[in-house]
Amino acid sequence: MAKNLFYKLSLALTTLLMSPACVFAASIDEKIDKYFAPFSDAFSKVVFFPVEISGVKIPLVILFLLISSIIVTFYFRWIGIWGFKHSLKQIFGKKKTEFNESHNSKCGEVSSFGALATALSGTVGLGNIASVAIAISVGGPGAMFWMCVGAIFGMALKFCEVTLALKYRRFNADGSVSGGPMFYIAHGLTRKGLRWLGQPLALFFALMCIPGALSGGCMFQANQATKQIIGITGGDNSIFFAHSWIFGLIIAVLVGLVIVGGIKSIANVTSKVVPFMCGLYIIVSLIIICINITHVPQAIGIIFKEAFFPRAVAGGIIGCIIMGMRRSIQSNEAGSGSAPIAYAAVKTKEPVSQGFVSLMEPFFDTVIVCSMTAFVIIITGEYLNYSKGISGVELTSAAFQSAISFFPYILAFIIILFAISTIISWSYYGQKAWGYIFGEGFKRTKLYQILFCLCVVIGSSMNIQSVINFTDATLLAMAVPNLIVIFILLGEIKDDLIEYCKKHDLICAMNKVWFEDEK
């Protein structure tokens, strides 16, 4: 049935786009620029309203995210550090595996690792390659150090939102699970007697999540993947140069065949794709580091020196800190509320246990993958070429090419995998937000999936620069209601954590004071 549905979809899209593909995309570009751009610009100005710190302008919403992550980290006594070992045990431990497999579908739909892989496929993407390069170029090599610090702070936020997602998730009649910020914002605040606040905030989150998924999670990713395939198949001479919709259609059909099976199918695919693509990227990065092994001590020295005594960086050390931590938060999306939608489907009766599992997401995304990008750029000295106008993917590609000439082709392949995996995960995030607003009936869900696949084709064919700002704005706007409810429910999360720590004997020097206070 699924194959027939998406065969018909691909046939319909082919008929629609075959002859007038370029005209169709250009027409959409023109209409967006004419009617949507003014609204997008106005909305972006509100969301990205800046405040100036030591000469550095930083959007207020980013500052809100950074301050929130720091407060929550201290509140939970650096849970990213003392909970790290238990997180690994929950993911790879034998007892956890047996626990998941012993429960029926009423406890969830996917394993802990499957949910983690789905969440990682949504966060590990083009930002780990392009945006990190920009952060290093603008904030200096020291930004890498502050990226890692930002990841540790982000782990606490991720723990909170994932724990709440499982605690307030909903089990549907067909055995599927619906969860995420929409549900814990609405129901969590209702239990606090704040239904008047919870319902509007939950609706606002869902309204931001849908366009964020269709644009940033879909169209932008498809567009960048298409550019990469054009680059490695002949550039202007590539068959995809004049008919980029063909590659978009291929992605749409592949994505459609995955997402039609729901979170089980998505988790099954991402649990295989994510380890492969991340492993390949890490291996390639390590090869470059080994080739430049004699420069490692110098590179490490530069990173730590520039982290505290940066040169030629706007705002000095404050600018370096802000750039690094900002890139970290935006990369692992801690506090934005997207990943908890995937984690909500986990097979477990203990919400806090999956909260510990989620600690690995910011760590792996930022401390491992982002740091690989940063270290390769620094160790090869390519970050110095920012003054020549080279930035983003071009800078990362130049760093790879400086070691071995054909490495940029491998990088292009990795970028395509990153983009497609992100599309798959964000299709699910948007689908759940869509279902929260319009209902999760079969026809409504299929309508969203068809719309999402259509956006893949359109995104591959058009110049989507006009929607980039709106995309970033919607994704960051999701964090506002999410952070508000996290702060309101902090005490509730703490009580659940204390109970869990007692049950699993997780009392340590860092959280022992909680139990002493209770006495």
Side-chain angles (χ1 to χ4, degrees), residues 76 79 82-120 155-192 262-264 266-268 270-271 337 339-361 428 432 435-436 440 485-486 489-507 511 514-515:
F76 288 104
I79 190 172
W82 65 262
F84 191 86
K85 182 179 178 180
H86 187 68
S87 177
L88 291 174
K89 182 181 178 181
Q90 290 298 99
I91 299 171
F92 302 109
K94 183 177 179 181
K95 290 183 179 180
K96 183 62 181 178
T97 301
E98 292 175 348
F99 180 86
N100 280 334
E101 293 176 347
S102 66
H103 285 75
N104 57 34
S105 60
K106 291 183 179 180
C107 294
E109 298 182 80
V110 298
S111 66
S112 289
F113 182 76
L116 176 62
T118 301
L120 275 171
M155 292 165 80
L157 273 183
K158 190 72 72 171
F159 170 84
C160 290
E161 57 187 2
V162 171
T163 299
L164 289 174
L166 272 90
K167 184 174 184 178
Y168 288 98
R169 61 182 174 171
R170 184 184 71 191
F171 293 92
N172 303 316
D174 62 356
S176 63
V177 179
S178 296
M182 303 85 69
F183 294 90
Y184 63 73
I185 290 174
H187 303 309
L189 293 187
T190 297
R191 288 179 60 176
K192 291 286 186 180
I263 185 61
K264 291 181 180 179
I266 292 172
N268 185 45
T270 56
S271 61
I341 299 175
Y343 284 110
V346 169
K347 295 178 182 178
T348 182
K349 286 186 176 180
E350 297 182 298
V352 175
S353 68
Q354 197 60 28
F356 275 102
V357 170
S358 68
L359 295 177
M360 284 297 102
E361 188 189 340
Y428 182 72
K432 286 302 176 181
Y436 181 81
E440 297 193 65
V485 75
I486 285 176
L489 300 179
L490 268 182
E492 184 177 312
I493 300 171
K494 179 182 175 181
D495 292 340
D496 292 342
L497 177 59
I498 290 175
E499 183 179 346
Y500 182 87
C501 288
K502 288 180 179 178
K503 180 179 178 180
H504 295 273
D505 194 24
L506 289 176
I507 304 174
N511 62 21
W514 289 341
F515 305 98

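All residue numbers in this chain count up from 1 along the given sequence.
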key: Working for side-chain contact (heavy atoms from CB on, under 4.5 Å), residues E350 and K503   = CA-CA 11 Å; E350 297 182 298; K503 180 179 178 180; 3.0 Å; yes
key: Evaluation steps, side-chain contact (heavy atoms from CB on, under 4.5 Å), between V352 and K167   = CA-CA 8 Å; V352 175; K167 184 174 184 178; over 6 Å; no
task = State, yes or no, whether a side-chain contact exists between Y168 and I185 at a heavy-atom distance under 4.5 Å.
result = no
message = Treating T190 as the side-chain partner and A186 as the backbone partner, does any N or O pair qualify as donor plus acceptor under 3.5 Å?
response = yes
ask   = Is there side-chain contact between I79 and F84, with at least one heavy-atom pair below 4.5 Å?
value = no
inquiry  = Any heavy-atom pair between the side chains of E361 and M155 that's under 4.5 Å?
reply    = no
query = Any side-chain heavy-atom pair from V177 and R170 closer than 4.5 angstrom?
reply = no
inquiry  = Can you see whether Y343 engages E161 through a side-chain donor-acceptor pair at a distance of less than 3.5 angstrom?
reply    = no
inquiry  = Using side-chain heavy atoms (C-beta onward) and a distance below 4.5 Å, is F183 in contact with L164?
reply    = no
Qualifying residues under salt bridge (Lys or Arg N to Asp or Glu O under 4.0 Å), relative to R191, sequence neighbours excluded = none
key: F159 and S87: CA distance, side-chain angles, deciding distance, side-chain contact (heavy atoms from CB on, under 4.5 Å) verdict   = CA-CA 11 Å; F159 170 84; S87 177; over 6 Å; no
task = Indicate the atoms forming the closest heavy-atom contact of L489 with G188, along with that distance.
result = CD2-O, 4.0 Å
query = Between K89 and F356, is any pair of side-chain heavy atoms under 4.5 Å apart?
reply = no
note = Correct closest heavy-atom pair for K349 and P351 would be O-CD, 3.4 Å
message = Main chain of A344, side chain of R169: is a donor-acceptor contact present, judged purely on distance under 3.5 Å?
response = yes
query = With a 4.5 Å limit on heavy-atom distance, are the side chains of K494 and F76 in contact?
reply = yes
remark   = To the nearest 0.5 Å, atom CG of L88 lies from atom CD1 of I91 at 6.0 Å
request  = Check the pair Q354, T163 against side-chain contact (heavy atoms from CB on, under 4.5 Å), reporting the backbone distance first and the verdict last.
outcome  = CA-CA 7 Å; Q354 197 60 28; T163 299; over 6 Å; no
message = Between K158 and S358, is there a side-chain donor-acceptor contact under 3.5 Å, judged purely by atom types and distance?
response = no
request  = Over 60° means perpendicular and under 30° means parallel, so classify the ring planes of H504 and H86, tilted if in between.
outcome  = tilted
note = Shortest non-hydrogen pair, A345 vs Y428, comes out as CB-OH, 4.2 Å
ask   = Between C160 and L490, what is the shortest heavy-atom contact and its length?
value = SG-CD2, 4.2 Å
query = Can you tell if the side chain of L189 reaches within under 4.5 Å of the side chain of Y184, non-hydrogen atoms only?
reply = no
